[in-house]
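Just below is one structure, and these are the notes that go with it.
Numbered from 1 within each chain, the chains take letters A, B, ... in sequence-line order.
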2 protein chains.
Amino acid sequence: MVRNPPPPRPEASGPAADERRGQILAAASRLFRSRGLGGTGMREIAAEAGMTAGNLYYYFGSKDDLLAFCQEVSLADLNALARRAVAHAARADARLHWLLVGHVRVLNELHPGSLAHLEIEALPEARRQPLLARRKAYEHAFHQLIDAGVAAGVFRPVDASLATLALLGAVNWTVRWFDASGRMHADEVGREFADLLVRGLLAPGVELETLADDALSADAPPEALEP
Amino acid sequence: MVRNPPPPRPEASGPAADERRGQILAAASRLFRSRGLGGTGMREIAAEAGMTAGNLYYYFGSKDDLLAFCQEVSLADLNALARRAVAHAARADARLHWLLVGHVRVLNELHPGSLAHLEIEALPEARRQPLLARRKAYEHAFHQLIDAGVAAGVFRPVDASLATLALLGAVNWTVRWFDASGRMHADEVGREFADLLVRGLLAPGVELETLADDALSADAPPEALEP
DNA sequence: CAGGATATTGAACGATGGTTCGAAACCCTC
DNA sequence: GAGGGTTTCGAACCATCGTTCAATATCCTG
């Protein structure tokens with residue numbers, strides 16, 4: 001006879017719990033960044049969030065849950081950005097530039113030190129799939145923008161997949177060294193990076209165009225995020 | 001009365017042991033790559049290298065020893081490359097391009113999946129310092145090449161420190177996704193990346209110059225590496 | 001073939017990690 | 001202030017991790 005799985009432990013819900021989850025996520029991100037992912041324990045995360053290890057499990061069923069949540073949030077924000085960039089009417093180089101600046105800001109300013117989609121490998125197979133799909137969607141936006149630029153003659157002909165990985169590598173790497181208390185703000189770093197990276201794609205003779213970067217997705221567009 | 005530290009346990013020496021250490025390093029690198037650093041245990045590394053956990057300690061005094069060795073080897077190769085690039089007579093863009101290609105190859109072809117200088121934070125303070133010094137030296141080479149290019153009017157004026165981080169981010173990121181059995185070889189990826197990144201630095205109107213990339217440092221220059 | 005140095009094993013130890021759980025504390029509402 | 005839901009604690013559990021070590025196998029040398 002098959003035994004029913006134990007009743008799913010009651011997971012906290014409601015706006016208060018969501019708020020708390022946000023605090024935990026922030027604390028975890030901070031620690032993940034300085035001590036590495038495997039190097040930070042639940043007790044440390046709890047302490048950083050001003051609570052007890054046992055209490056953490058009232059909000060997250062497991063460390064994997066916490067990690068997956070961490071990445072879902074970042075990926076959702078990144079994808080929201082990407083959708084806006086793809087839908088925008090400006091030239092491909094301007095849109096790509098704008099997206100790159102936003103990317104750096106989301107990773108270092110909105111979710112400081114967030115691992116974003118950086119450590120998917122650390123999750124068990126079952127959790128990976130949905131996150132990988134979202135990451136793929138995000139990369140697809142870069143692919144699209146680059147192809148659009150090539151088609152328009154704004155970019156020189158490049159392998160869009162490879163170029164995507166180059167751009168993402170550079171901007172993702174910022175979480176390793178960016179220091180919010182340092183001499184530069186996230187958006188300044190983002191602009192310098194985007195300048196360099198998008199210029200690397202331009203066809204000879206084309207001048208880089210840019211867009212004004214606006215507010216981050218925290219108080220952003222009215223359209224809802226995907227479910 | 002101060003007790004003498006226990007006699008330093010005999011650590012294997014000789015060419016045979018060095019060979020074995022090389023195998024272990026390769027196995028460890030492979031696992032670190034797929035499972036992450038904190039996620040791989042000594043037992044797994046040992047198994048991957050075809051031996052027992054206890055046996056590992058005949059070659060490395062601790063996991064930190066192993067990790068530090070891993071990074072020293074990669075950094076030594078990278079710095080050897082960097083010294084050649086800095087000493088070379090060609091134009092700055094060509095030298096930087098050559099160095100970037102070499103970097104990708106060292107990380108993905110010579111030491112597949114090596115974490116290189118990527119996870120220094122995981123080491124205890126004492127170990128970090130010498131590695132950080134070597135990394136700093138390596139970054140300094142990029143800084144030099146970029147400044148030289150700017151001075152020569154080959155590159156547009158950029159923040160050399162920031163540009164260095166952008167370039168290194170892109171090429172370091174390759175260890176996350178590069179697959180030796182994939183459609184591209186490490187040197188092809190390296191060239192595409194170097195093209196994009198160095199072009200991003202060029203001053204308007206300047207055409208990219210490149211150097212032929214030669215053999216990797218395995219059978220490389222006669223000058224000795226530093227001790 | 002003997003015998004010592006070199007390699008390797010497998011079991012064990014202590015510490016730490018994620019996790020569970022019953023009980024206490026807190027916070028509302030009636 | 002009694003009572004029920006929500007939240008928090010703290011101790012304990014068990015697996016795993018890095019590590020040690022005495023014993024054994026393997027290899028080379030005389």
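- For B:Asp64, there are no salt bridge (charged side-chain N to carboxylate O under 4.0 Å, His left out) partners at least two apart in sequence or on another chain.
- Among the protein residues, A:Tyr59 comes within range of the sugar-phosphate backbone only, with heavy atoms under 4.0 Å from sugar or phosphate atoms but none that close to a base.
- The CD-C1' distance, from B:Glu19 to D:dC27, rounds to 16 Å in whole Å.
- Remark: A:Phe60 pairs with A:Phe69 by the ring-ring contact (aromatic ring centres under 6.0 Å, His included) rule, at least two apart or across chains.
- Taken residue by residue, residues 20-32 of chain B places heavy atoms nearer than 4.0 Å to DNA chain C at B:Arg20.
- Against DNA chain D, the stretch residues 49-56 of chain A makes heavy-atom approaches under 4.0 Å through A:Met51, A:Thr52, A:Gly54, A:Asn55.
- Rounded to an integer number of Å, the gap from OH of B:Tyr57 to C1' of C:dG10 is 15 Å.
- With sequence neighbours left out, A:Asp18 forms a salt bridge (charged side-chain N to carboxylate O under 4.0 Å, His left out) with A:Arg21.
- Here A:Tyr58 does not reach the OP1 or OP2 of D:dT8: none of its side-chain N or O atoms lies under 4.0 Å away.
- Applying the side-chain hydrogen bond (donor to acceptor under 3.5 Å, both in side chains) test to pairs two or more places apart or on separate chains, those with a residue in residues 38-47 of chain A are A:Arg35-A:Glu44.
- Rounded to a whole Å, the CE atom of A:Met42 is 7 Å from the P atom of C:dG18.
- Rounded to an integer number of Å, the gap from A:Leu123 CG to C:dG18 C1' is 15 Å.
- Computed from coordinates, the B:Ile45 CD1 to D:dG18 C1' distance equals 11 Å when rounded to whole Å.
- A:Asp187 pairs by the side-chain hydrogen bond (donor to acceptor under 3.5 Å, both in side chains) definition with nothing, not counting sequence neighbours.
- Not counting sequence neighbours, A:Glu192 has no partner by the salt bridge (charged side-chain N to carboxylate O under 4.0 Å, His left out) test.
- Remark: A:Leu56 CG to A:Arg20 CZ distance equals 9.0 Å, nearest 0.5 Å.
- The CG atom of B:Asp64 sits 16 Å away from the P atom of D:dC17 (whole-angstrom rounding).
- Remark: A:Phe32 engages no residue in a ring-ring contact (aromatic ring centres under 6.0 Å, His included) (not counting sequence neighbours).
- In this structure, NZ of B:Lys63 is placed 13 Å from P of C:dG17, rounded to the nearest angstrom.
- Taking atom CG of A:Asp65 as the reference point, atom C1' of C:dT19 lies 12 Å away to the nearest angstrom.
- Seen from the ring of A:Trp173, A:Arg176 counts as a face-on cation partner, given the 6.0 Å and 45° thresholds.
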